[in-house]
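Counting begins at 1 with the first residue of the sequence.
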Amino acid sequence: MSILVVFLFSGCYTTNNFGFVDMQVMEPAVVSLPDSVVNLALVDFHRNPVSNGIEFKTNADSVVNCYAATSLKGFESQTDSVQYFHHVAVVHDGLDFFPKGLALPDSVLRSKMSAFCDSMGVQALVGLDTVWISDNSTNKQLVKRVVLGSRWSFFNTLGGSNTYWKIYADTMLWIPNRAEIIAYEKNNRYPKTFVNVLEKYGENNGIRVAMLFVPSWRWTDRLIYYSGNEEMKRADSLVVKNQWEEAAEIWTKMAKSDNKNIEAKATYNMALACEMLGHLELALEWASKSYHVYNNEDHKQKCMDYINILATRLQQQRKLKKQFGG
């Protein structure tokens with residue numbers, strides 16, 4: 001399921017002659033949905049926001065409406081990036097359907113939600129129920145501190161008896177220039193520079209929520225051994241070109257070396273090559289072999305760390321396969 005994108009970090013050498021490669025791995029969703037959930041509704045239930053009785057506005061919409069809109073955008077982009085659902089229906093006017101949002105007894109809510117999902121042709125619903133902004137900055141503060149909050153809900157028509165809730169909060173630091181701060185203090189209107197930062201926070205908020213329900217990509221790194229041996233150096237040059245199969249041919253040969261140091265490095269790198277090529281079980285075998293090759297505590301610890309990583313990835317692969325209906 002995982003596609004690996006690899007780059008070689010130069011300048012990561014140490015006295016032990018190892019470095020790191022960057023890679024992307026796919027991790028399973030936190031919440032495992034039934035296989036029959038193929039379509040999802042993303043619904044905006046949030047209210048028109050006020051702060052101390054004053055609605056803070058930009059030249060277009062209120063900043064909270066902007067935050068809500070970009071949160072929905074972030075959620076949608078995250079689900080699209082992995083094509084997990086067949087379709088995500090975005091509903092921007094959820095209060096037209098549920099005037100009280102999700103603030104209803106669960107027994108009443110379930111029947112209403114089920115009917116709504118049926119009408120939309122979806123099996124589950126994620127709602128942005130509430131959004132708020134708390135700005136306690138004083139006029140004398142150069143750095144404005146703004147707290148953004150959101151509550152999300154999840155409803156599954158196919159199972160479970162209760163609605164799932166999740167609350168997120170972010171602290172946003174904003175440093176306005178002199179003209180902006182004068183306008184802000186005079187008119188209670190956030191400038192465009194503030195909205196630009198706010199949009200990014202909103203998008204990240206939506207992505208974070210989506211990652212509860214869909215698998216996601218994560219950047220990580222892996223250790224790789226280097227050596228002064230000419231054949232091992234040739235393998236290094238192949239790694240730079242992302243030619244892992246060709247590098248593996250060299251490491252397979254060097255794994256039979258009489259030099260235990262080279263044998264340990266080659267067998268370890270073979271585990272890495274197998275992971276890069278998507279063969280996790282074979283990678284685990286090579287990492288275990290490398291552990292027993294060289295009686296060096298530092299090397300053994302590196303192998304144990306990698307074995308634990310590979311074991312976790314194997315568990316995640318099984319979960320991913322199930323989540324993708326495999």
Side-chain angles (χ1 to χ4, degrees), residues 24 26-49 60-98 101-103 109 113 116-117 119-133 146-158 160 163-172 195-219 319-320 323-325:
Q24 262 189 327
M26 180 174 278
E27 295 186 341
V30 177
V31 179
S32 292
L33 301 177
D35 294 342
S36 47
V37 176
V38 295
N39 296 320
L40 179 79
L42 177 62
V43 186
D44 187 357
F45 290 118
H46 92 277
R47 276 77 170 165
N48 196 31
D61 301 312
S62 74
V63 291
V64 175
N65 287 342
C66 173
Y67 181 75
T70 53
S71 293
L72 298 181
K73 179 183 176 183
F75 187 104
E76 190 177 15
S77 67
Q78 180 65 22
T79 56
D80 287 346
S81 68
V82 293
Q83 298 182 340
Y84 187 64
F85 297 107
H86 291 174
H87 178 60
V88 176
V90 182
V91 181
H92 294 280
D93 52 355
L95 291 179
D96 289 350
F97 300 94
F98 299 89
L102 303 185
L109 180 65
M113 289 295 226
F116 177 77
C117 289
S119 69
M120 295 288 294
V122 302
Q123 298 79 41
L125 180 150
V126 174
L128 176 55
D129 192 47
T130 308
V131 181
W132 65 91
I133 285 185
V146 180
V147 178
L148 312 169
S150 62
R151 186 180 78 167
W152 296 77
S153 56
F154 175 72
F155 176 80
N156 174 16
T157 65
L158 302 174
T163 304
Y164 175 84
W165 308 93
K166 190 74 173 179
I167 294 177
Y168 288 105
D170 290 308
T171 299
M172 173 179 159
V195 176
N196 289 339
V197 179
L198 182 84
E199 288 175 345
K200 192 61 181 177
Y201 272 84
E203 187 174 0
N204 289 338
N205 182 38
I207 290 172
R208 178 171 55 184
V209 176
M211 288 169 64
L212 291 172
F213 305 104
V214 301
S216 57
W217 292 104
R218 180 177 66 87
W219 282 101
K319 192 172 182 180
L320 279 167
Q323 289 181 353
F324 276 100

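Residues satisfying the side-chain contact (heavy atoms from CB on, under 4.5 Å) test with Ala29, not counting sequence neighbours, are Pro215, Gln323. Residues passing the side-chain contact (heavy atoms from CB on, under 4.5 Å) test with Val30, sequence neighbours excluded: Leu212. Every residue two or more places apart in sequence or in another chain that forms a side-chain contact (heavy atoms from CB on, under 4.5 Å) with Ala89 is listed here: His87, Met120. Scanning for ring-ring contact (aromatic ring centres under 6.0 Å, His included) contacts around Phe97 gives Phe116, with sequence neighbours left out.
Annotation: side chain of Ile133 is in contact with side chain of Leu198 (closest heavy-atom distance under 4.5 Å). The shortest side-chain heavy-atom distance between Leu40 and Val122 does not fall under the 4.5 Å cut-off. The side-chain heavy atoms of Asn205 and Trp152, taken from C-beta on, include a pair separated by under 4.5 Å.
Note on residues 207-217: pairs passing salt bridge (Lys or Arg N to Asp or Glu O under 4.0 Å), not counting sequence neighbours, are Asp170-Arg208.
A distance of 11.0 Å separates CD in Glu27 from CH2 in Trp217, rounded to the nearest 0.5 Å. Annotation: the span from Asp44 atom CG to Leu95 atom CG amounts to 7.5 Å, rounded to 0.5 Å. Atom CG of Leu125 is separated from atom CG of Asn39 by 12.5 Å, given to the nearest 0.5 angstrom. Atom OG of residue Ser36 and atom CG of residue Asn156 lie 7.5 Å apart, to the nearest 0.5 angstrom. The line from OG of Ser71 to NE2 of His46 is 9.5 Å long, rounded to the nearest 0.5 Å. Rounding to the nearest 0.5 Å places OH of Tyr201 at 8.0 Å from OG1 of Thr171.
Trp132 and Thr130 form no side-chain donor-acceptor contact under 3.5 Å, judged by distance and modelled atom types alone.
Annotation for Gly94 and Val43: closest pair CA-CG1, 3.5 Å, computed over non-hydrogen atoms. Across every non-hydrogen atom of Ala124 and Phe154, the tightest pair is CB-CE1, 3.8 Å.
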Donor-acceptor contacts, no H, no angles, side chain residues 72-82, under 3.5 Å, sequence neighbours left out:
unit_1, atom_1, unit_2, atom_2, d
Ser77, OG, Lys73, O, 3.3
Ser77, OG, Gly74, O, 2.9
Thr79, OG1, Phe75, O, 3.4
Thr79, OG1, Glu76, O, 2.8
Ser81, OG, Gln78, O, 2.7

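Although no hydrogens or angles enter the test, the distance criterion places no donor-acceptor pair under 3.5 Å between the side chain of Glu199 and the main chain of Cys66.
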